[in-house]
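Notes for the one structure printed next.
First the proteins, then the strands, lettered A, B, ... as listed; each starts at 1. The shown structure was predicted, so the numbers you read here are calculated from the model rather than taken from an experiment. All values below come from the heavy atoms of this structure, side chains included, with hydrogens, waters and symmetry mates left out.
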Amino acid sequence: MSKSTDELFKNVISHAKEYGFVFQSSEIYDGLSAVYDYGQNGSELKNNIKTYWWKAMVQMHENIVGIDSAIFMHPTIWKASGHVDGFSDPMIDNKDSKKRYRADQLLEDKIERYSKDGKTEKAEKLQYDMDEALKGENLARLRELIIEHEIADPISGTRNWTEVRQFNLMFSTQMGAIADEADVVYLRPETAQGIFVNYLNVQKSGRMKIPFGIAQIGKAFRNEVIARQFIIRMREFEQMEMQYFVRPGTQREWFDKWKETRLKWHLALGTAPEKYRYHEHTKLAFYADAAYDIEFEFPFGFKEVEGIHSRTNYDLSQHQKFSNKKMQYFDPEVDPETGKPYGNYIPYVIETSIGLDRMFLLTMINAYEEEDLSTEEKQDSRVVLRLHPCLAPVKAAIFPLIKKDGLPEKARQIMDRLKVDFNLQYEEKDAIGKRYRRQDAIGTPFCITVDHQTLEDDTVTIRYRDTMQQERVAVADLDKIIGDKVSWKNLLS
RNA sequence: GCGGAAAUAGCUCAGUCGGUAGAGCAUCAGUUUCCCAAACUGAAGGCCGCGGGUUCGAAUCCCGUUUUCCGCUCCA
């Protein structure tokens with residue numbers, strides 16, 4: 001990371017706090033690690049990003065519908081999805097090599113070696129001890145076994161081990177008043193499962209025909225081992241996911257289509273294309289048959305913003321198995337090869353999953369500019385957020401040029417009419433130039449100034465954030481001028 | 001989780017040898033009425049992250065802890 005980009009990132013974080021975009025959670029109590037709150041401008045920006053996504057995905061596609069599923073779900077769902085077993089391994093670190101191992105894996109290796117060396121008795125004894133420890137979830141016992149059997153790190157060769165810890169990325173809590181094993185529920189680690197378990201409900205009640213999609217925006221929770229880099233990795237975060245259900249065999253074609261469609265969505269905001277790249281997963285997760293990430297070049301390097309995964313029929317098949325409910329879809333369309341309908345099958349799924357918080361950060365970084373406005377006479381600069389007008393938290397600010405002569409009253413009148421349609425701010429404090437700069441800092445695309453001439457001919461000046469140019473326009477035309485620039489048509493057509 | 005660094009006003013940061021905290025910007029009120037950070041006057045804002053210890057005395061030294069950043073690690 002070069003000094004200047006490092007500096008830039010720090011400045012964006014400071015700016016985000018100073019102007020009410022992002023605060024650390026529970027700051028007055030020293031903060032809560034890797035949890036953040038969105039402030040008055042941040043929540044507006046975040047909502048606008050959500051709206052852009054929702055409109056692009058749901059509203060613009062006749063065959064995609066949205067849902068809003070609960071964060072709590074039946075615990076068995078997480079067994080079916082692989083989240084319970086797949087990420088609750090006992091881990092141990094070697095302090096010298098700084099490598100992390102699965103404790104049971106280390107013991108298994110040792111058992112194998114005992115067997116090979118003909119020490120069958122020892123092998124059996126260790127196997128028994130280990131099974132007992134695992135069954136009882138006795139982590140301390142697992143560590144004892146590693147120490148007792150003098151297991152050394154294959155890299156460092158030392159036996160300088162940490163405690164054995166259970167890493168489970170899911171947060172759990174109890175449902176019901178009495179704490180009981182059976183009442184454990186998890187906070188969802190992804191929103192996708194809420195879509196899968198509702199797939200039949202939506203398909204039937206919405207009379208959806210394949211291919212169709214179900215979209216959802218919502219919070220997800222992961223108890224990350226380490227969470228850093230501001231809001232890049234948070235313990236509580238928000239995802240915007242769409243699962244697209246397709247006929248088996250067509251997944252590649254839809255995968256390619258969504259891969260392109262999603263990148264276009266990003267680029268429509270005006271981001272330089274070289275800031276984005278695809279990253280192909282070479283090592284695929286157990287449920288996937290293809291996976292690409294859309295990565296953005298953050299100041300600290302390219303990071304995943306969105307994943308497009310071909311999830312096969314893994315999730316639906318698993319839910320069919322665990323719930324004993326048929327997850328199949330009857331496809332009446334005629335297969336040209338056989339001349340018969342495609343019939344019953346479990347659909348394949350293409351997933352697009354974007355991290356809303358990362359998208360938010362990306363948008364802030366992209367928009368942030370420290371502009372040098374110095375002339376020969378004086379030094380001058382401004383911080384401006386060049387947000388797309390559709391995303392800007394405040395669409396326009398209305399200023400009386402001065403605080404008297406009836407100008408504030410006139411400005412209020414205009415404000416009252418426009419605020420029905422647009423999120424506006426009114427300011428009369430300080431010199432006009434300062435007010436302009438304050439709006440630049442939060443990315444407001446327009447500033448409307450009411451001056452003495454306004455009282456005579458009902459015209460105002462409108463000042464553009466990006467060019468700092470001003471124009472004199474009729475008050476009556478303001479709705480259209482602002483409306484045109486902040487219309488979603490600019491992004492969706 | 002390991003190693004390193006840091007934490008002082010809303011933001012960016014000073015703070016000497018251990019002697020009870022400052023600046024710039026920002027904020028608020030007033031004067032001024034001006035189209036790109038104007039000026040002037042005034043005000044508010046800090047248990048120096050938190051908890052211990054050493055000391056007559058700690059923002060400063062020591063220990064612990066929390067949070068943040070960097071590297072490694074992790075990320076079904």
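Side-chain nitrogen and oxygen atoms of A:Q24 include at least one within less than 4.0 Å of the OP1 or OP2 phosphate oxygen of B:U68. Contact check, A:R472 against B:C35: no side-chain N or O comes under 4.0 Å of OP1 or OP2. OP1 and OP2 of B:C35 both lie 4.0 Å or more from every side-chain N or O belonging to A:T461. Residue A:K403 places no side-chain N or O under 4.0 Å from the OP1 or OP2 atom of B:U33. Neither OP1 nor OP2 of B:G10 sits under 4.0 Å from any side-chain N or O of A:K17. The phosphate of B:C28 (OP1 or OP2) has no side-chain N or O of A:K429 nearer than 4.0 angstrom.
Remark: the separation of the C1' atoms in B:G4 and B:A29 is 47 Å, to the nearest Å. Taking atom P on both B:G15 and B:A23, the two are 15 Å apart, rounded to the nearest angstrom. A distance of about 38 Å separates the P atoms of B:G24 and B:G53, rounded to the whole Å. Taking the C1' atom of each, B:G51 and B:C11 are spaced 28 Å apart, rounded to whole Å.
The side chain to side chain donor-acceptor pair (under 3.5 Å) with A:D315 is formed by just one residue from the set A:H319, A:R311, A:Q318; it is A:R311.
Among the protein residues, A:D451 comes within range of the nucleic acid bases, having at least one heavy atom under 4.0 Å from a base atom. Here A:A34 lies in heavy-atom contact (under 4.0 Å) with sugar-phosphate atoms only. As judged by a 4.0 angstrom heavy-atom cut-off over every strand, A:S381 is placed among the base-contacting residues. Counting any heavy atom pair closer than 4.0 Å across all strands shown, A:S33 reaches sugar-phosphate atoms only and no base atom. Using a 4.0 Å heavy-atom distance criterion, A:I432 is classed as a sugar-phosphate-only contact.
Between the P atom of B:G49 and the CD atom of A:E27 lies a distance of 13 Å, rounded to the nearest Å. Remark: C1' of B:C28 and CD of A:E427 are 13 Å apart, rounded to the nearest angstrom. The interatomic distance linking A:E370 (CD) with B:C11 (P) rounds to 17 Å, in whole Å. In this structure, CD of A:Q40 is placed 14 Å from P of B:U27, rounded to the nearest angstrom. Whole-Å rounding puts the A:R435 CZ to B:U33 C1' distance at 10 Å. Atom CD1 in A:I13 sits roughly 19 Å away from atom P in B:A6 (whole-Å rounding). Atoms CD1 (A:I28) and P (B:G46) sit 13 Å apart, rounded to a whole Å. In this structure, A:L32 places its CG atom 8 Å from P of B:U68, rounding to the nearest Å.
Base pairing annotation: B:A39 forms a Watson-Crick or G-U wobble pair with B:U31, both donor-acceptor distances under 3.5 Å. Base pairing annotation: B:U55 forms no Watson-Crick or G-U wobble pair, as no partner gives both donor-acceptor distances under 3.5 Å. Checking B:C48 for Watson-Crick or G-U wobble geometry (two distances, each under 3.5 Å) identifies no partner in any strand. Nucleotide B:U67 is matched to B:A6 when pairs are restricted to Watson-Crick or G-U wobble geometry with both distances under 3.5 angstrom.
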With side-chain contact (heavy atoms from CB on, under 4.5 Å) as the test, would you mind laying out the steps for A:I231 and A:F360 before giving the verdict?
CA-CA 9 Å; A:I231 58 174; A:F360 178 97; 3.7 Å; yes
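A:R382 contributes no side-chain N or O that forms a donor-acceptor pair with the base of B:C36 under 3.5 Å. On a pure distance criterion of 3.5 Å, no polar donor-acceptor pair joins the side chain of A:D440 and the base of B:C36. In terms of polar N and O atoms assigned as donor or acceptor, the side chain of A:E18 never comes within less than 3.5 Å of the base of B:A26 in a complementary pairing. In terms of polar N and O atoms assigned as donor or acceptor, the side chain of A:R222 never comes within less than 3.5 Å of the base of B:C75 in a complementary pairing.
Comparing A:V383 and A:F230 by the nucleotide of RNA chain B whose heavy atom lies nearest to each, the residue mapping closer to the 5' end is A:V383. Residue A:R438 is the one, among A:R438 and A:R358, whose nearest nucleotide of RNA chain B lies closer to the 5' end (criterion: closest heavy atom).
Classified by interplanar angle (parallel below 30°, tilted 30° to 60°, perpendicular above 60°), the ring pair A:Y292/A:F255 is tilted.
At least one side-chain heavy atom of A:E190 sits under 4.5 Å from a side-chain heavy atom of A:H83.
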